[in-house]
S.K.: 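Sharing a structure, written as structure tokens. Questions coming.
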Amino acid sequence: MAQKPSIPKGTRDFSPSEVAKRNFIIQSIKEQFEKFGFQPIETPSFENSETLMGKYGEEGDRLIFKILNSGDFLRKVDEQAYKGKDSLKITSSISEKALRYDLTVPFARYVVQHRNELEFPFKRYQIQPVWRADRPQKGRFREFFQCDADVVGSDSLWQEVEFVQLYDAVFTSLGLEGVTIKMNNRKVLSGFAEVIGESDKLIDFTVALDKLDKIGEEGVEKEMGEKGISSEAIQKIRKVFGLKGTFSEKIEVLKGILATSEIGTKGIEELEFINSAINELGLSTANLDLDVTLARGLNYYTGAIFEVSAPKGVAMGSIGGGGRYDDLTGIFGMSGVSGVGISFGLDRIYLVLEELNLFPETVARNIKALFINFGNKESLYCLKAIKELRSAGVAAELYPEEAKMKKQMNHANKREIPFVILAGAEEIENKKFTLKNMKSGEQQAVSLENLISILEK
RNA sequence: GUGGUUGUAGCUCAGCUGGUUAGAGCGCUGGAUUGUGGUUCCAGAGGUCGCCGGUUCGAACCCGGUCUUCCACCCCA
């Protein structure tokens, strides 16, 4: 064989059984999305560069896959930029399209572009691949699926409440019990920065705070210091680090800390509203927790922030996230439309279900019976039966070659086909079929009617 | 983008300090067994040792580059 073919870094092929399992997850998610009133849309794999660039911060721009222009693109490159090896400028002149980086920004574009056709509040879901030029790691790929549900055009906090319920419904239906839905509010984070007098360093502050569970209190304080946050400010915020207890207990502590901040107090009220509603409504298997260190990377969140982590004991990053962004469509010139949404990380959920052995055995579609091939005359007899079986809803097939019995039986074994049917000269004469159960080894001669009724079960 | 790590048969992996013709288990193909699979026994096929270059009388092994894998940052699903 010549040089073995390969696929690019961070991409994957999916085998039949993997596709079956992925479809199982996607089906469960879709079912819940639709139960909650979301409708599917799809957007193109690639967008105009200007739609994506600059929407995810500097880091995000670096991770966007750019598509090279067709034709003699170098001719149009700015001479100055080319000579100065200015990659940034050259990129914008040789690449006008880029692969989508997430589903939220294309959705914002969609809403603005179709604003006059949409009925608000508009609830959509979208399950499509996205691409990031990231370094792959466990559960991190360069091509992966996102499953998003968003509502635009409603400020109501009941939306947040419904999203918590939606998370619970999806993970419950997947059999993944004990996930933790962590919640925070951007306004609380702003409140912290305000209270300690470092409002202008909000981003640096939240990025450092977000790392608490990873680098510990000392690490966070060190990083905040490095970013120019004063030690008095850090002193003031320390008690937030060790915040413990139930959702409501944490709320009470935070009320005290943020009493002087209007925006912080607003954030607390929102969290309290959602929590008490959820307490009243109840969750099936998920837990709701308040995590004030939750910041998440996306800068466009303005209210609630969600992140879902796998049940304890499973080493996996977040398996879902989301939040409210009051002005997402503002970046496309349509302001005053509030949106809130959540996302499911399909690939990570897959890994978690696999690790916990939670895929039902029945996810893989398989045929019920294989007919052994004894020759052309017998095959025709079999195919007549197969036709009847199929129209009765039973998946069955004929082994295509008149191969040795051993080979045909083996094939059925490998494919884990539960029944094998033999029909040779003798069966044809008696208008019967020999049905063999591959598990028990038992076999019996049955009529076509019996065959159908047995396999229909 | 930074630092590290990995690559040998279809799969999981051995392979000594650089020394003839690179091995095992599983899997695969054929036979024992021409209408009965899984167990057993016998035989066989299958490798440019990721790729390119260098050092050496000699390289799977040492050196450089490159691709890939996984990991820690960065960031994030």
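Numbered from 1 within each chain, the chains take letters A, B, ... in sequence-line order.
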S.K.: Rounded to whole Å, how long is the line connecting atom CZ of R348(A) with atom C1' of C75(B)?
M.R.: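 Rounded to the whole Å, the gap is 11 Å.
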
S.K.: State, without any angle test, whether S318(A) and S309(A) hold a side-chain donor-acceptor pair at a distance under 3.5 Å.
M.R.: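 Result is no, nothing qualifies.
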
S.K.: For a quick test of reading the model: is some side-chain N or O of K436(A) closer than 4.0 Å to OP1 or OP2 of U36(B)?
M.R.: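 Result: no.
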
S.K.: Quick one, L63(A) and W131(A) - any side-chain contact, counting heavy atoms below 4.5 Å?
M.R.: no

S.K.: Just to confirm, is there a sub-4.0 Å distance from OP1 or OP2 of C75(B) to any side-chain nitrogen or oxygen of K211(A)?
M.R.: yes

S.K.: For the side chain of M438(A), starting at C-beta, report the closest nucleotide among C75(B), A77(B), G37(B).
M.R.: G37(B)

S.K.: Please report the distance, rounded to the nearest Å, between CZ in R135(A) and P in G1(B).
M.R.: 6 Å

S.K.: Given C75(B), A77(B), C28(B), identify the nucleotide with an atom nearest to the side chain of K414(A).
M.R.: C28(B)

S.K.: Under a 4.0 Å threshold between the charged nitrogen and the carboxylate oxygen, would E18(A) count as salt-bridged to K21(A)?
M.R.: no

S.K.: Go ahead and name the base partner of A43(B); Watson-Crick or wobble counts if both distances stay under 3.5 Å, otherwise write none.
M.R.: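 A43(B) is paired with U29(B).
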
S.K.: Choosing from U29(B), G1(B), G35(B), which nucleotide comes nearest the side chain of L422(A)?
M.R.: G35(B)

S.K.: Over 60° means perpendicular and under 30° means parallel, so tell me whether Y110(A) and H114(A) are parallel, tilted or perpendicular.
M.R.: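 Tilted: the ring planes of Y110(A) and H114(A) meet at 30° to 60°.
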
S.K.: Separation of R62(A) atom CZ from C75(B) atom C1', in whole Å?
M.R.: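 R62(A) atom CZ is separated from C75(B) atom C1' by 8 Å.
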
S.K.: On RNA chain B, nearest-nucleotide positions of R132(A) versus M405(A): which is more 5'?
M.R.: M405(A)

S.K.: In this structure, how many angstroms lie between the C1' atom of C75(B) and the CG atom of L294(A), rounded?
M.R.: 15 Å

S.K.: From the list C75(B), G38(B), C73(B), which nucleotide is the closest neighbour of the side chain of Q137(A)?
M.R.: C73(B)

S.K.: Side chain of K406(A): nearest nucleotide among G38(B), G35(B), U36(B)?
M.R.: G38(B)

S.K.: May I ask you to say what F145(A) touches in the nucleic acid, namely base, sugar-phosphate or nothing, with a heavy-atom cut-off under 4.0 Å?
M.R.: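 It contacts nothing in the nucleic acid.
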
S.K.: Between atom CG in D347(A) and atom C1' in A77(B), what is the gap in whole Å?
M.R.: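 So the two atoms are 8 Å apart, to the nearest Å.
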
S.K.: Just to be sure I understand the rule, does E402(A) reach a base, reach only the sugar-phosphate, or reach nothing, if contact means heavy atoms closer than 4.0 Å?
M.R.: nothing

S.K.: Between P on C76(B) and CD1 on I203(A), what's the gap in Å once rounded to a whole number?
M.R.: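 Rounded to the whole Å, the gap is 10 Å.
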
S.K.: Report the distance from atom NE2 of H411(A) to atom C1' of G37(B), rounded to the nearest whole Å.
M.R.: 13 Å

S.K.: Take atom CD of E307(A) and atom C1' of C76(B), then tell me their distance rounded to the nearest Å.
M.R.: 9 Å

S.K.: Out of G35(B), U68(B), A77(B), which has the shortest distance to the side chain of F144(A)?
M.R.: A77(B)

S.K.: Any donor-acceptor pair under 3.5 Å linking the side-chain atoms of S173(A) with those of E31(A)?
M.R.: no

S.K.: Let me spell it out: for each of K439(A) and G424(A), pick the nucleotide of RNA chain B with the closest heavy atom. Which residue's pick is nearer the 5' end?
M.R.: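 Whichever sits nearer the 5' end wins; that is G424(A).
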
S.K.: Is A24(B) paired to anything, Watson-Crick or G-U wobble with both distances less than 3.5 Å, and if yes, which nucleotide?
M.R.: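 U12(B) is the nucleotide pairing with A24(B).
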
S.K.: Counting any heavy atom closer than 4.0 Å, what does G375(A) reach on the DNA or RNA strands: base, sugar-phosphate only, or nothing?
M.R.: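 Touches nothing.
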
S.K.: Looking for any heavy atom pair under 4.0 Å, which part of the strands does Q408(A) touch: base, sugar-phosphate only, or nothing?
M.R.: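 Contact class for Q408(A): none.
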
S.K.: With I94(A), which residues qualify under side-chain contact (heavy atoms from CB on, under 4.5 Å), at least two apart?
M.R.: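 Testing I94(A) for side-chain contact (heavy atoms from CB on, under 4.5 Å), a comparison that skips the adjacent residues, returns L68(A), F73(A), V77(A), I90(A).
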
S.K.: Any stacking of F344(A) on A77(B), going by centres under 5.5 angstrom and planes within less than 30 degrees?
M.R.: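 According to the criterion (under 5.5 Å, under 30°), no, F344(A) does not stack.
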
S.K.: Give none if C62(B) has no partner; otherwise give the nucleotide forming a Watson-Crick or G-U wobble pair with it, both distances under 3.5 Å.
M.R.: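 Base partner found: G54(B).
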
